[in-house]
Number of protein chains: 2
Amino acid sequence: MATIKDIARIAGVAPSVVSRALNNKYGVKESTRKRIVAIAKELGYHPNSAARSLVTRRTETIGVVMADISEPYFSQIVKGMEYVATQTGYTLLFSNSYENVEHGRVLRKMISGERVDGLVIIGSNIQEKGFIAALAEQEIPFVLVERNLPDPKVNCVWVDNVQGGYLATRFLLDKGHRRIGHIAGNLHFQVALDRIEGYKRALEEAGIAFCEELVVSGNFLTEGGYRAMKELLKAGCTAVFAANDAMAYGALQAIAEEGLAVPDDVAMVGFDDLEFSALTHPPLTTVRQPRYEMGRRSLEILTAILRGEEAGGVKVCFQPEITVRRSA
Amino acid sequence: MATIKDIARIAGVAPSVVSRALNNKYGVKESTRKRIVAIAKELGYHPNSAARSLVTRRTETIGVVMADISEPYFSQIVKGMEYVATQTGYTLLFSNSYENVEHGRVLRKMISGERVDGLVIIGSNIQEKGFIAALAEQEIPFVLVERNLPDPKVNCVWVDNVQGGYLATRFLLDKGHRRIGHIAGNLHFQVALDRIEGYKRALEEAGIAFCEELVVSGNFLTEGGYRAMKELLKAGCTAVFAANDAMAYGALQAIAEEGLAVPDDVAMVGFDDLEFSALTHPPLTTVRQPRYEMGRRSLEILTAILRGEEAGGVKVCFQPEITVRRSA
DNA sequence: CCCGTCTTCGAAAACGTTTGTCAAATCATG
DNA sequence: CATGATTTGACAAACGTTTTCGAAGACGGG
C-alpha cells in the first residue's frame, strides 16, 4: 500500500508537501501539486485513515445507535442519514442497542475509543435520561431522533406525536366511532406516552370519557399488537388506534382470526406508514412519519455542527399527516 | 481522555509496561498488572483505536457490503452477523452498494484506507466477476454471501437456489397445477438464474413443456412483482412461483385487484420467508432461506480467517425448506 | 543593487499505541 | 556467596499522517 512518503520520494519532494498538495492546502505551487496528484493517482494512493485521525483527532465517521436495525421502522431513517453521509463524506457506524442505549458496550467503544466524531441516537427511552445528560457533558456532539428533550443544548428531531395521536383518533371519531381502543407502545418511551396523550385529547374534545380498559400496551411489536387486540376485542370496541404499524399488523391478524371484518366490524389506524402498510389486508390507514426526511435532517444537523457551521441546540419537529387507505 | 502515558505516570512505570499489562501480554508481574488495571479502570481508559490500528495494522472492523440495508431481506442476515461480531469483538461497517458493488466509493475507502480487516459482500451480481477476482488478488480476506463462485479460494455461503426453485415448483405441481408461471428476479444475479433453473427442472420432471411467456422478470422488487403478475394474468396460469417474497407481495396485490382469490383462482409461492410473509393475505407459502444462520456463518468464517484459525476457501451451502401457509 | 514581502518548500514534532531489544533486578542453584 | 538463569521493566523505534515553524528562493519596488 502506497504511503505519502512513497509519493514524496518519487516526486522528489518532502512528505509534508504531498500532504498539503493532496489536501488542497495553501502553500504549494500549482505545477507541483499537479505532479503530486498524478503520482498519487498512479499509485492508487489512499490516505491511511488511522494515521490521519490519530493526528487530526477526527475520524469522519458518525455513530448511529438504535434499538434494532432490522426493524423496518428504522430503514428509511437510515437511508436518509446515509444520503447526507455520502454527500458530506462521512461514514456511518451502526450499533444496535436492543432497547437500552446505556448498556451499549459498542457505544463505549465508539466514544471512548474516539472512533466517532458524533452520534445520532434514535429512540432512546425515558430511563436513559441520566445517560443522555452525561453524554451532553462530554465533548462529543450528538442528535436525538424520535425524542424531544427539554434541554435547550441538545439537538432533537422528532415528529409531533401527540398531534399524530390526535389525528388518528380524530379520524376515527369523524367516522362516527365512539368506542375507540388504543394499542399503546412500550410505556418507557416518550413517544408511546405522547401518542396516548393525543388519543386522550381527541376523545376529550369529542366529549367522550377516557376508558382505562380500552388502552392496552403492545410493546411496539407485532406479536404484542396481536395480544393487545385480543384483549380489546373482549372489552369491545368498534375501532382502534395502534401506536405503530407493526402492532397494527398483529391486531389485523387477531381480528381476522375472530372472523371479523376490517373496517366494517372494527376499524384500524396505525402509526408510521411503513412500506408494508400498503400491502396489508386491508391496506392500512395510518399516521405518516416522514422517516427519510427525519434521518436526513438529523444528519444535516450533526454534520453542520461537526463542520462548525452550526452551534447546536437545534430542534426540528415534523408534522405528521394521515394517509388514508382502507382499514378505516 | 486518558492515555497510556497518563496511566504509566501514575503507576510509576513505563508506557510499554502499561500496554503489555492491559493486553495481558507476557512480561509483567501480576501485582503491577493489577495495579495498572485498577488505575486504567479508575481513569476510564479506553485505547485510542486509531493509534492502535496504526501500529498493529488491524482495525478489528469488518466491512459489510450489500445492495440496500433498508431491504427487509438483509435484516436477518445482518442480525446474524452482528451476533458473532459482538461475540468476537469486531465492529461492523455497513455500506450500501445500490446494486453495484464496484461503484462503491465507500468500498474503496474501506479497503484502501485500511479501515477494515475483512469484507463480507452480500449478493454481488454477475457483472462484478472481474471486481471480485481483483479483490481476491488483494491481501484482504472476504466472504461472499448469497453467491457461489467456482474459484476454490473464495469463501462462499449461499442457499441452494436451484433446489429452492425446484421445491417451490414441485409443491405447486403436487397440488395439481399444470400451468405455473414464474416471476423471476433481476437476471443479472445468479440467484435469479438458479431459481429459474429449479423451476425448469421441476417442470421437466413432471413432463411439462417450458413455456417462455410464463416467466417474466420482476426485478426482485414489490412493484416489479405487481407488474409481472399483471402480465402473467394475461397469459393465464393457475399458480405462480415468485423468485422472492417482495415480488410475491406485489403479485398478491395484482391478483386481488383483478378480483381473483388466492389460492383458489391462482396459487402463489414465494422465496425467502420474510417476517411479513406471515402477515400477507393470505399468509404466504414460501421457500425459507435461513438468513440469520447465513449471516452468522459468514462472519464466523471471516473472523476465523482473520484470527488465523482457518485457511480460507470455505464453501457453505444451506438447504432451503418450504414453509407452507395458505397461499398455495 | 538592496531590502522587504510573498511564495514555496523542508525539517521535525506530534498524535497514542505496540513491540523488539536490552539492562536491571530477582531468583534459584550450586 | 557467586553464578547463571529468568523475570521484570525501560528505552526507543515505528506506524502514516498533519501541522508548525523556519529557511530559502523568487520577485518587485525603491
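Just the heavy atoms: all of them, side chains too, but no hydrogens, waters or symmetry mates, feed the values below. By convention in this document, chain letters (A, B, ...) are assigned in the order of the sequence lines, proteins followed by strands, and residues within each chain are numbered from 1. These figures come from a predicted structure and were not determined experimentally.
Under the 4.0 Å criterion applied to side-chain N and carboxylate O atoms, B:Glu30 and B:Arg33 are assigned as salt-bridge partners. Between B:Arg297 and B:Glu300 there is a salt bridge, with a side-chain nitrogen of the basic residue lying less than 4.0 Å from a carboxylate oxygen of the acidic one. Looking at B:Asp117 and B:Arg57, no side-chain N of the basic residue comes within less than 4.0 Å of a carboxylate O on the acidic one, giving no salt bridge. The pair A:Glu60-A:Arg58 meets the salt-bridge criterion, with a side-chain N (NZ, NE, NH1 or NH2) lying under 4.0 Å from an Asp/Glu carboxylate O.
Among the nucleotides D:dT17, C:dT17, C:dA12, the one closest to any side-chain atom of A:Ser16 is C:dA12.
Rounded to whole Å, the distance from CZ on A:Arg115 to C1' on C:dG16 is 15 Å. Distance NZ (A:Lys5) to P (D:dT17): 9 Å, rounded to an integer number of Å. The separation between B:Ile36 atom CD1 and D:dT8 atom P is 12 Å, rounded to whole Å. Between the NZ atom of B:Lys34 and the P atom of D:dT8 there is a distance of 13 Å, given to the nearest Å. The nearest whole Å value for the distance from the CZ atom in B:Arg20 to the P atom in C:dT19 is 9 Å. Atoms CD (A:Glu114) and C1' (C:dC15) sit 10 Å apart, rounded to a whole Å.
Using a 3.5 Å distance cut-off with no hydrogens or angles, the side chains of A:Glu275 and A:Gln76 do pair a donor with an acceptor.
Of the residues in residues 43-55 of chain B, those lying under 4.0 Å from DNA chain D by heavy-atom distance are B:Leu54, B:Val55. Only B:Asn23, B:Lys25, listed by number, bring a heavy atom of residues 21-31 of chain B to less than 4.0 angstrom from any atom of DNA chain C.
With hydrogens and angles ignored, the 3.5 Å screen pairs no side-chain donor or acceptor of A:Asn23 with any backbone N or O of A:Arg20. A distance-only check finds no donor-acceptor pair linking the side chain of B:Asn96 to the backbone of B:Ala67 [under 3.5 Å]. A donor-acceptor pair under 3.5 Å is formed between the side chain of B:Ser97 and the backbone N or O of B:Met66.
In this structure the side chain of A:Leu302 never reaches within 4.5 angstrom of the side chain of A:Tyr90, judged on heavy atoms.
Within 4.0 Å of A:Ser19, counting heavy atoms only, lies at least one base atom of the nucleic acid.
Between the side chain of A:Arg9 and the base of C:dG10 there is no donor-acceptor pair of N/O atoms closer than 3.5 Å.
Not one side-chain nitrogen or oxygen of A:Thr56 sits closer than 4.0 Å to the OP1 or OP2 atom of D:dT19. B:Arg57 has a side-chain polar atom (N or O) that falls below the 4.0 Å cut-off from OP1 or OP2 of D:dG16.
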